[in-house]
Colleague: 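Mind having a look at this structure? Questions to follow.
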Amino acid sequence: MPVHNEDLAAAFDEMGDLLALSADNPFRINAYRRAARVVRGLPEELQARVAAGFDPDDLPGIGADLAGKIRVFLDTGELPGLARLRKSVPTGLRELLALPNVGPSRVRALHEALGVRDLKSLRAALAAHRVREVAGFGPKRESQLEQAVAAHAGHDRRLLRPVASQYAAALLSYLRNVPGIDQVEVAGSYRRGRETVGDLDFLVCSRGPVDIGKALLGYDETASLLSAGPTKSSAVLKSGLQVDVRLVPPASFGSALHYFTGSKAHNIHVRRLAMERGLKVNEYGVFRGERQIAGTTEASVFKAVGLPYIEPELREDRGEIEAAGVRRLPSLVKLDDLKGDLHVHTLATDGTTTLAEMAAAAKRAGLDYIAITDHAQHIGAVHGLDASRLARQLDEIDSLNASLTGITLLKGIEVDILEDGTLALPDRVLGKLDIVVAAVHDHFGLTRRRQTDRLLRAFDRPFVSVLAHPAARLIDERPALDVAWNRVFRRAQERPVYLELNSQPTRLDLDDILVREAIENNVLISVASDAHGAQGFAFLDGGILQARRGWVSKADVLNTRPLREVRRLLRKTFLA
DNA sequence: GCCGTTTTCGGCCCGACTGTTTTCAGTCG
């Protein structure tokens, strides 16, 4: 039975929640949650690794006991002890933990005093105004809870990064103009380059006191103030986005930026490392006893605990601290490293801009070459190219290339991989092109075996160069294909076929974890915009962020290479 | 439940803010 890392992580999370609701040992609870995080962040399916002889005990935070439970779960799909716990704790209580300011203690209090066992019975208790009678609650907590339940506040509402970016930029420029504020940075998951953002974290630096709560109240996008203290304030914007603002003096700016950037798991790891050296790390600095020895810059914080600077995108506690310790951190790819873009559309199919305009826009974006990859005919909805329309486009590209300077257009196509792994255009047509980008656009729900075989069969076609948006996921809309990625990466490396990291904000596919696994298998990555208009090249920065989160360096990326080398790498030395 | 050139037992990151208290527990990041 196939068991995914996510299945195991979800079971560990549930175990942690149910133990917390049982008031179990907090460190034991934390051990389960840490295990969930570690498993979720693994670049390869654990089941396959364990089958190949890997001992889960070797994972950080996994000891003999959890390693045993992992083995049972991989065999049976059952986590030992979980079924029993489900019987003793009403499982509906878990959904209450998602409410703001409601944790295990308050859920337990509601359960014991009022018999609350899920969201529905909590609503009834709120309607009867009985919550205020519970010890530790009062009229204020009762009305907060009412609002939270009414607003379905338990839902995890995360914004796509470019959307959050607009709100961040506006508030950033507002805060920079507040008197007394010297410096403002956006921290949190936004700074780590995550594909979605749950809230915005701002770090404000000033030499004297500043009333941040008042400043937030004066911002015209603020809906309500959640809390306001001398160093920390939170507000909800009219968009529904929560912002947290933290104020520190200059001497603490670096350590505060590090602390506020996270991730939480990364911070905990760094603080443990500091403890081993007899140091204490908090948001105000690095301390030996009472004395501050670092903290004005992030680099000084890392240095104090014996590490080189670690880029924010890597700070997920996925091995970056260990790698930094032995000076094995990758030198991450930068937007400037990109010399071309191998996935671009035009008016000929579902793009909005002509060939010539796309060429000009690409040149303005600093690119030396782009591949024109309109859709092949299979997608009727976008008026896909048939052989004769494609031939006309190729002529047009030839004449444009003859007149253009500073930018070269490659002849390409985005061709569908059909359900059986064959392509939507014949080889005699594809053979005339510089680059063939193949992609899955339907039959997303095939079994893992059939989906994997479908991709591998496409890889075996003679002219396929790149697999576009390999997992075909849409963030929060469509899950990733169920695919045996280890087989895909191995075959991609052998052929070779290059794997795309599609920069569209709703795709960002391959994701950070898969792209890391791909490069570890020596597969080259094509960081592509999939631009459908002249503005589309701007999405490349999001693709680069995702690549950096996947430990990708310049050498791992196909299109950081000059055109001559890319042409050589795209040329197939075999024929059908 | 994990972990260890101070430890195989006794620790486990650390501080801010709120609402409830009358000095603090709970939650959050």
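Basis for what follows: all heavy atoms, side chains included, without hydrogens, waters or symmetry-related copies. Convention: sequence-line order gives letters A, B, ...; per-chain numbering from 1.
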Colleague: A:Glu283 or A:Leu66: which one's nearest nucleotide on DNA chain B is closer to the 5' end?
Modeller: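 Of the two residues, A:Leu66 wins.
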Colleague: Taking any atom closer than 4.0 angstrom to a non-hydrogen atom of chain A, what span of DNA chain B does the protein reach, first nucleotide to last?
Modeller: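 First and last nucleotides in contact are B:dG1 to B:dG29.
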Colleague: Where each residue is assigned the nucleotide of DNA chain B containing its nearest heavy atom, which of A:Lys280 and A:Ala228 is assigned the position nearer the 5′ end?
Modeller: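 Closer to the 5' end of DNA chain B: A:Lys280.
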Colleague: Side-chain contact, heavy-atom cut-off 4.5 Å: A:Phe73 with A:Asp7?
Modeller: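 In contact.
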Colleague: Which value, in whole Å, describes the distance between the P atoms of nucleotides B:dT23 and B:dC12?
Modeller: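 That atom pair is separated by 26 Å.
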Colleague: For A:Arg207, which residues count as a salt bridge (Lys or Arg N to Asp or Glu O under 4.0 Å) partner, sequence neighbours excluded?
Modeller: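 Applying salt bridge (Lys or Arg N to Asp or Glu O under 4.0 Å) to A:Arg207 gives A:Asp182.
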Colleague: Shortest non-hydrogen contact from A:Asp476 to A:Arg158?
Modeller: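 For A:Asp476 and A:Arg158, the tightest heavy-atom pair comes out as OD2-O, 4.3 Å.
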Colleague: Provide the Watson-Crick or G-U wobble partner of B:dT8, both distances under 3.5 Å; none if there is no partner.
Modeller: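 The base-pairing partner of B:dT8, which may sit in any strand shown, does not exist here.
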Colleague: By the salt bridge (charged side-chain N to carboxylate O under 4.0 Å, His left out) test, which pairs, at least two apart or in different chains, include something from residues 296-310 of chain A?
Modeller: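 Matches after skipping sequence neighbours: A:Arg191-A:Glu298, A:Glu298-A:Arg315.
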Colleague: With rounding to the closest Å, how many angstrom separate the P atoms on B:dC13 and B:dG4?
Modeller: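 So the two P atoms sit 14 Å from each other.
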Colleague: Does anything in residues 134-145 of chain A reach DNA chain B, meaning a heavy atom under 4.0 Å, and if so which residues?
Modeller: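 Nucleic-acid contacts, sorted: A:Gly136, A:Phe137, A:Gly138, A:Pro139, A:Lys140, A:Arg141, A:Gln144.
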Colleague: Would you jot down, in residue-number order, the residues of residues 29-38 of chain A having a non-hydrogen atom under 4.0 Å from DNA chain B?
Modeller: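 The stretch gives A:Ala31, A:Tyr32 as the residues lying under 4.0 Å from the strand, ordered by number.
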Colleague: Donor-acceptor pairs under 3.5 angstrom involving side-chain atoms of residues 324-332 of chain A: please list them, not counting sequence neighbours.
Modeller:
residue  : atom : partner  : partner atom : Å
A:Arg327 : NH1  : A:Ala324 : O            : 3.1

Colleague: Inspect the contact between A:Arg516 and A:Glu520 and indicate whether a charged nitrogen and a carboxylate oxygen are less than 4.0 angstrom apart.
Modeller: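 Between A:Arg516 and A:Glu520 there is a salt bridge, with a charged N closer than 4.0 Å to a carboxylate O.
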Colleague: Considering all heavy atoms of both residues, which atom of A:Val197 and which atom of A:Arg194 are nearest to each other, and what is their separation?
Modeller: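 Looks like CG2-O, 4.5 Å.
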Colleague: Does a donor on one side chain sit under 3.5 Å from an acceptor on the other, for A:His266 and A:Arg271?
Modeller: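 There is no such pair (donor and acceptor under 3.5 Å, judged by atom type) between the side chains of A:His266 and A:Arg271.
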Colleague: May I have all residue pairs that pass salt bridge (charged side-chain N to carboxylate O under 4.0 Å, His left out) and include part of residues 14-27 of chain A, sequence neighbours excluded?
Modeller: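 Of all non-adjacent pairs touching residues 14-27 of chain A, those that pass salt bridge (charged side-chain N to carboxylate O under 4.0 Å, His left out) are A:Glu14-A:Arg86, A:Asp17-A:Arg33, A:Asp17-A:Arg94, A:Asp24-A:Arg28.
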Colleague: Evaluate whether atom CG of A:Asn25 has more than 12 neighbouring non-hydrogen atoms of other residues, nucleotides or ligands under 6.0 angstrom away.
Modeller: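 Yes, enclosed.
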Colleague: If we take the C1' atom in both B:dG1 and B:dT8, what is their distance in whole Å?
Modeller: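 Looking at atom C1' only, B:dG1 and B:dT8 are 15 Å apart.
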Colleague: Heavy atoms under 4.0 Å, any strand shown: does A:Asn267 hit a base, just sugar-phosphate, or nothing?
Modeller: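 Answer is nothing: A:Asn267 stays at 4.0 Å or more from every strand.
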Colleague: Give me the distance, rounded to whole Å, that separates B:dT7 from B:dC14 when you measure between the C1' atoms they each carry.
Modeller: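 About 23 Å, rounded to a whole number of Å.
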Colleague: So what does A:Val281 hit on the nucleic acid, given a heavy-atom distance under 4.0 Å: a base, only sugar-phosphate, or nothing?
Modeller: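 Sugar-phosphate contact only.
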Colleague: Looking at residues at least two apart in the chain, or sitting in another chain, which of them share a side-chain hydrogen bond (donor to acceptor under 3.5 Å, both in side chains) with A:Glu221?
Modeller: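 A:Glu221 satisfies side-chain hydrogen bond (donor to acceptor under 3.5 Å, both in side chains) with A:Tyr219 only.
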Colleague: What's A:Pro26 touching, base or sugar-phosphate or nothing? Going by heavy atoms closer than 4.0 Å.
Modeller: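 No contact.
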Colleague: Considering residues at least two apart in sequence or located in another chain, which fulfil the side-chain hydrogen bond (donor to acceptor under 3.5 Å, both in side chains) criterion with A:Glu142?
Modeller: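 A:Glu142: side-chain hydrogen bond (donor to acceptor under 3.5 Å, both in side chains) contacts with A:His129, A:Arg132.
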Colleague: Can you sort out which residues in residues 285-314 of chain A have a heavy atom within less than 4.0 Å of DNA chain B? Ascending by number, please.
Modeller: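 Residues of residues 285-314 of chain A under 4.0 Å from DNA chain B: none.
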Colleague: Take atom P in B:dT20 and the same atom in B:dG26, then report the distance between them in whole Å.
Modeller: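 It comes out at 14 Å once rounded to the nearest Å.
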Colleague: For DNA chain B, what residues of residues 246-262 of chain A have any heavy atom nearer than 4.0 Å?
Modeller: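 Residues of residues 246-262 of chain A under 4.0 Å from DNA chain B: A:Arg246, A:Tyr259.
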Colleague: Please report the shortest heavy-atom distance between A:Phe253 and A:Cys205, naming the atom on each side.
Modeller: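 Reported closest heavy-atom pair: CD1-CB, 3.3 Å.
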Colleague: With rounding to the nearest 0.5 Å, note down the distance linking CD in A:Gln546 to CG in A:Asp541.
Modeller: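 So the gap between those two atoms works out to 12.0 Å.
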Colleague: Within 45° of the six-membered ring axis of A:Phe202 and under 6.0 Å from that ring's centre, is NZ or CZ of A:Arg246 located there?
Modeller: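 Pair A:Arg246/A:Phe202 does not count as cation-pi.
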Colleague: With sequence neighbours excluded, give me every ring-ring contact (aromatic ring centres under 6.0 Å, His included) pair touching residues 304-334 of chain A.
Modeller: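 Residue pairs passing ring-ring contact (aromatic ring centres under 6.0 Å, His included), neighbours aside: A:Phe302-A:Tyr309.
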Colleague: Can you establish whether the number of heavy atoms outside A:Arg40 located under 6.0 Å from its atom CZ is more than 12?
Modeller: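 Buried by this count: over 12 neighbours within 6.0 Å.
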Colleague: With rounding to the closest Å, how many angstrom separate the C1' atoms on B:dT21 and B:dC17?
Modeller: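 So the two C1' atoms sit 15 Å from each other.
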